[in-house]
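The structure under discussion appears below in the form of structure tokens.
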Amino acid sequence: MPEMESGGVGLLDFDGDGWLDIFFVSGGSLNPGPMPGSGNQLYRNLQNGRFEDVTAASGITSGSDYGMGCACADFDGDGWVDIYVTNLRANRLWKNNGNGTFTDVTEKAGVTCPSWSTSAAFFDANGDALLDLVVVNYIKWTPETELACFSRGGRPDYCSPLNYQAPAVTTLYRNRGNGTFEDVTKSAGLEQAYGNGLGVAVGDFNQDGRLDFFVANDAMPNQLWLNQGNFRFIDEGLLRGCALNSHGTARAGMGVVAVDLLDRGWMDLFVTHLVGEGNGLFINTNGYFIDTRSPRGPTTGSLPHTGFGIAFADFDHDGVQDLYVANGRVKYGDQSILPDDPYAEPNSLLRGLGGGEFERVNPEGGTATPLVATSRGLAIGDLDNDGDLDGVVINRDSSPHLLRNEVPKRGRSIQFRLVDPRDHLVPNARVCVEAAGRRQFRQASPNEGYCSSQDPRVHVGLGSADGVDRVTVRWPSGSEEAFGPYPPGGIVTLQQGSGRPSSDVFQYK
Amino acid sequence: MATSPVTGQYGDIHPMFRPENRRHLAAILGLALAIVLGIRAYVSTLGPVLPVPVPADFSQLDSLLKSHLMACIRPLRDSPRDSGLREELALAYAANGFWPEARLLFDQLSTLHPQDPLPLLYSGVAMEELHDPAASLVLYRRVTERFPQFAPGWSRLGTAALEADSFDVANSAFAQLRSLAPQEWRGPAGAGELELRRGKPAEAIPLLERAVQLNPDAKTAHHLLGRSYLSMRRTNDASLQFALGRNAEGHPMPDAWTDRALAHIKSRADVLRLAKDALDEGDPATAARYYEEIQVHHPDEPELLNQLAIAYNRLNQPARALNLIERVLKTDPRHVAALITAAYANSALGHHKEALALADAAVQIAPDLALAHLARANAFLGQNHDLEAVAALESAHRADPSNAQLLVELGTILWRNLDRPDAALERLESARKLDPALVTIYPRITALYLQLDRTADANETVEIWKLVRPRDPEIPLALARIRSSRGSKSPQPNPSP
């Protein structure tokens with residue numbers, strides 16, 4: 001079972017040189033002892049289109065870990081981005097020492113989480129400027145409880161998580177601010193709902209000023225954990241309309257992103273699903289969601305595929321977000337595309353047309369020859385600092401795909417680093433970019449998608465605009481500031497406390 | 001006593017069948033057979049021979065499925081113009097997910113039988129399954145144009161049109177469906193969903209209320225009704241409807257081929273699913289039949305043996321179950337599911353110590369597995385160790401806190417075996433909070449409230465019970481008990497000094 005769900009990929013600037021490096025999470029062996037093969041790997045960006053394997057020098061080891069995913073963020077506020085690796089068994093927190101090496105501080109930090117963890121996200125749950133940690137767990141599984149399942153044709157195949165009847169609870173850790181965390185799962189109320197969790201997305205979904213999180217569950221109702229303050233959360237997924245599809249059926253939720261698809265100031269949810277279900281879009285209407293299916297929407301063409309990794313990004317700088325989905329089956333495919341991998345599928349690229357409409361890009365996946373693999377994690381970021389967004393896809397039992405953006409551009413772009421007064425990146429800050437009379441809403445969401453970690457910067461395509469008139473930032477602490485104007489191009493740092501007071505953009509309760 | 005003229009030596013035998021007439025009969029039957037064969041041979045020479053598709057990976061299929069498909073393919077190859085055989089093969093392919101092959105056959109059949117709506121309808125179904133919703137919509141439209149009295153065609157068209165955002169088409173389709181099949185819940189449910197999609201929840205509510213009235217088990221309709229109530233800020237009503245709609249699955253309107261297709265399901269994965277569904281629905285006999293059908297082809301497969309043993313346990317045949325499960329444990333003594341099944345079989349056979357040892361072993365291997373703790377509780381109950389059983393059930397609940405049924409078991413033992421009604425009520429109310437649609441909770445909570453002299457609470461419980469299962473035959477009995485309880489508690493005249 002675990003080999004079907006692994007693994008993830010993280011984009012992080014671990015050496016602080018301003019260029020994104022890559023961390024790959026690898027599966028492993030169920031047998032005790034060191035992991036066969038290479039294990040997790042860290043690649044340093046050489047700033048010339050090439051990367052160097054620095055795993056050994058970094059001190060990151062895999063031991064007998066069976067990797068699933070990663071969340072990258074500066075948990076201890078020392079200015080260096082750290083890596084939290086989710087595993088089949090105990091997870092691992094790698095503290096960045098700032099000199100190219102990492103130290104395993106898992107036990108000291110108290111974030112072992114000995115469950116089968118999948119996606120994780122750092123976010124400031126209580127507005128104290130410390131990054132807390134949510135860890136999504138899949139099922140309670142051991143090799144002894146593994147079951148035999150079969151494909152339609154009768155071949156041995158992977159089971160649905162429902163066969164195991166062992167859903168897990170999501171774990172929440174509170175950052176104490178001294179390099180350690182407290183497990184607040186129970187007191188936060190997270191033990192009230194179980195699920196086969198695979199994806200997590202953070203955002204203030206009801207706009208009450210507190211960060212919530214959404215857990216995508218595989219074949220069980222999703223959970224929308226609304227932050228009540230004081231580390232108390234209530235699951236309102238069912239009542240708010242994002243637990244199930246519009247007919248009340250639970251779908252197989254894999255990856256998830258929070259995205260303001262229509263630039264209205266409300267965070268929608270896009271979830272990848274199983275073949276035959278189609279991906280799901282939950283449009284947020286004043287904190288309540290509507291499962292929206294439209295033949296012209298972002299879910300179009302997704303029925304034949306099983307989606308995992310996912311990212312909305314403006315690849316062609318026309319001012320409208322496009323969509324990339326990493327696909328790969330979990331059930332044996334009767335009509336195999338690759339003779340030696342019956343689970344392989346092409347990835348999907350959809351071009352955003354505006355107004356929530358999309359069109360499929362051909363050849364499929366946006367490469368001259370479609371890349372066919374059993375893809376899982378996807379991370380999007382500007383790997384070559386040329387102002388457009390590239391991508392990395394991790395594939396099961398195969399090498400990863402590094403996708404350099406060569407899409408013909410329909411305008412210029414701009415990127416923003418959202419930092420606190422100490423110049424540390426602030427995840428989940430929201431941005432409204434006003435250019436040529438248009439507003440675009442984005443969120444810095446480094447930890448979302450499927451088991452992966454994205455470019456922490458915010459990228460905005462400007463279309464026909466020749467610059468940005470104003471940028472308004474809503475910080476997770478609740479303050480709102482305006483910056484700008486800015487000419488297009490480059491990476492602009494927006495530092496908390498250095499902007500102009502603002503209150504006219506975001507509609508908070 | 002009068003006798004019939006044809007009775008006597010041969011009793012009631014018709015004169016035609018008397019020995020002296022049998023020769024004539026044989027001649028007549030022979031002639032008739034020759035005519036039928038002649039007509040068939042003549043008809044079979046008309047038109048081209050249509051191809052018989054076979055899946056490319058046929059040789060690699062599971063033997064159960066392969067033999068079933070071959071039993072449909074071979075006769076059709078022998079008589080390729082027999083459309084009845086072609087129909088069977090088409091359904092066999094469709095039932096087992098071979099949609100490209102099924103689609104070809106349905107297309108052929110719709111040409112062969114232009115007066116039959118089903119082949120054309122199923123061509124549309126095949127296109128849907130092949131992820132081409134636009135093509136299926138075209139075909140459903142064609143079905144309704146050609147066969148306007150065929151209700152399943154309108155149902156499929158309405159649903160497909162809703163998916164495609166073609167609201168006008170959906171509107172007329174569901175209107176036709178409601179007119180042709182007024183007792184079919186999908187008509188008002190589809191019309192209600194359409195209103196909801198149009199942003200008119202107030203208009204959706206009466207339609208969806210009608211749908212759940214027509215079929216209280218229509219989970220999708222409950223869910224849609226919940227969404228409508230929520231839009232009208234009727235949060236409590238919405239919560240109950242969401243609970244009633246939990247685990248909804250999409251099932252299209254049945255037609256004349258639905259049951260026939262079901263009988264063709266031979267894919268191992270799907271037969272196992274059908275068996276599991278039967279077990280969950282309390283029909284272990286059907287489940288055992290399914291498992292036995294697969295076991296012929298896979299006699300030693302551990303999971304299958306374990307599932308079959310579970311079915312035998314539920315059929316009160318623990319010795320048979322144990323016989324199977326011992327084979328599994330012989331090859332894998334740490335097979336958790338088999339240990340649990342063996343524990344139940346031993347309990348049923350009165351071997352309580354063995355049952356407890358097996359359940360203990362399962363808990364040791366998989367301490368997070370609620371089912372292992374449940375087996376342990378069952379073993380304790382067999383020995384009348386109720387307190388230990390409650391402790392084991394508490395462990396099961398800790399392992400799976402979202403399982404309402406565990407709380408029901410816990411509450412019931414606390415109530416019936418340990419006479420702790422307050423503790424029992426607490427567990428049962430927790431179970432109701434977790435799953436208000438679990439109907440077995442209501443009679444127990446009502447009875448407990450009555451036992452605790454909380455008549456008003458009992459009454460309130462029955463009011464919710466009525467919403468959950470309006471036609472539950474136990475409701476009038478519960479109401480009678482409440483009335484009787486009130487009567488016995490009515491103020492008595494002061495006794496004479």
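The sequence lines fix the lettering, A, B, ..., with proteins before strands; numbering per chain opens at 1.
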B:Leu230 vs A:Tyr288 side-chain heavy atoms within contact, under 4.5 Å: yes

Non-hydrogen atoms of B:Asp165 and A:Arg293 that approach each other most closely: OD1-O, 3.3 Å

Gap separating the CD atom of A:Glu146 from the NE2 atom of B:His335, nearest 0.5 angstrom: 10.0 Å

Residue that, paired with A:Glu144, satisfies side chain to side chain contact (heavy atoms under 4.5 Å, CB included) out of B:Leu339, B:Leu369, B:Val336: B:Val336

Region of A:Asn163 that comes under 4.5 Å of a non-hydrogen atom in chain B: neither

Under 4.5 Å from any heavy atom of chain A - which part of B:Arg273: neither

Which portion of B:Asp270 sits near chain A, non-hydrogen atoms under 4.5 angstrom: side chain

Full working for side-chain contact (heavy atoms from CB on, under 4.5 Å) between B:Asp57 and A:Arg155: CA-CA 12 Å; B:Asp57 57 350; A:Arg155 296 174 184 86; 3.5 Å; yes

Heavy-atom contact with chain B under 4.5 Å, split by part of A:Ser246: both

B:Arg103 CZ: over 12 foreign heavy atoms closer than 6.0 Å: no

B:Leu371 versus chain A, the contacting section by heavy-atom distance below 4.5 Å: side chain

Best-contacting candidate, A:Gly301, A:Gly278, A:Ser294, A:Ala250, against chain B by heavy atom pairs under 4.5 angstrom: A:Ser294

Region of B:Leu272 in contact with chain A, defined by heavy-atom distances below 4.5 Å: side chain

Distance, nearest 0.5 Å, that separates CZ of B:Arg197 from OG1 of A:Thr292: 8.0 Å

Side chain / backbone / both / neither for B:Glu193 at chain A, heavy atoms under 4.5 Å: side chain

B:Gln364 atom CD, neighbour heavy-atom count above 12 within 6.0 Å: no

Segment of B:Arg334 engaging chain A (4.5 angstrom heavy-atom cut-off): both

B:Pro133 versus chain A, the contacting section by heavy-atom distance below 4.5 Å: side chain

Proximity breakdown for B:Lys276 and chain A, heavy-atom pairs closer than 4.5 Å: side chain

Separation of B:Leu130 CG from A:Leu303 CG (nearest 0.5 Å): 11.5 Å

Greatest number of heavy atom pairs closer than 4.5 Å to chain B - which of A:Thr142, A:Val169, A:Leu239: A:Leu239

Distance-minimising heavy-atom pair for B:Ala269 and A:Ser151: CB-O, 3.8 Å

Whether A:Thr249 side chain and B:Ala248 backbone form a donor-acceptor pair below 3.5 Å: yes

Atom pair CD/CG of A:Gln165 and B:Asp400 - distance to nearest 0.5 Å: 8.5 Å

B:Glu163 portion near chain A, given a 4.5 angstrom heavy-atom threshold: both

Minimum side-chain heavy-atom gap A:Arg152-B:Leu65 below 4.5 Å: no

Option in B:Ser63, B:Ala164, B:Gly245 with maximal non-hydrogen atom pairs under 4.5 Å from chain A: B:Ala164

Side-chain heavy-atom pair B:His131, A:His305 within 4.5 angstrom cut-off: no

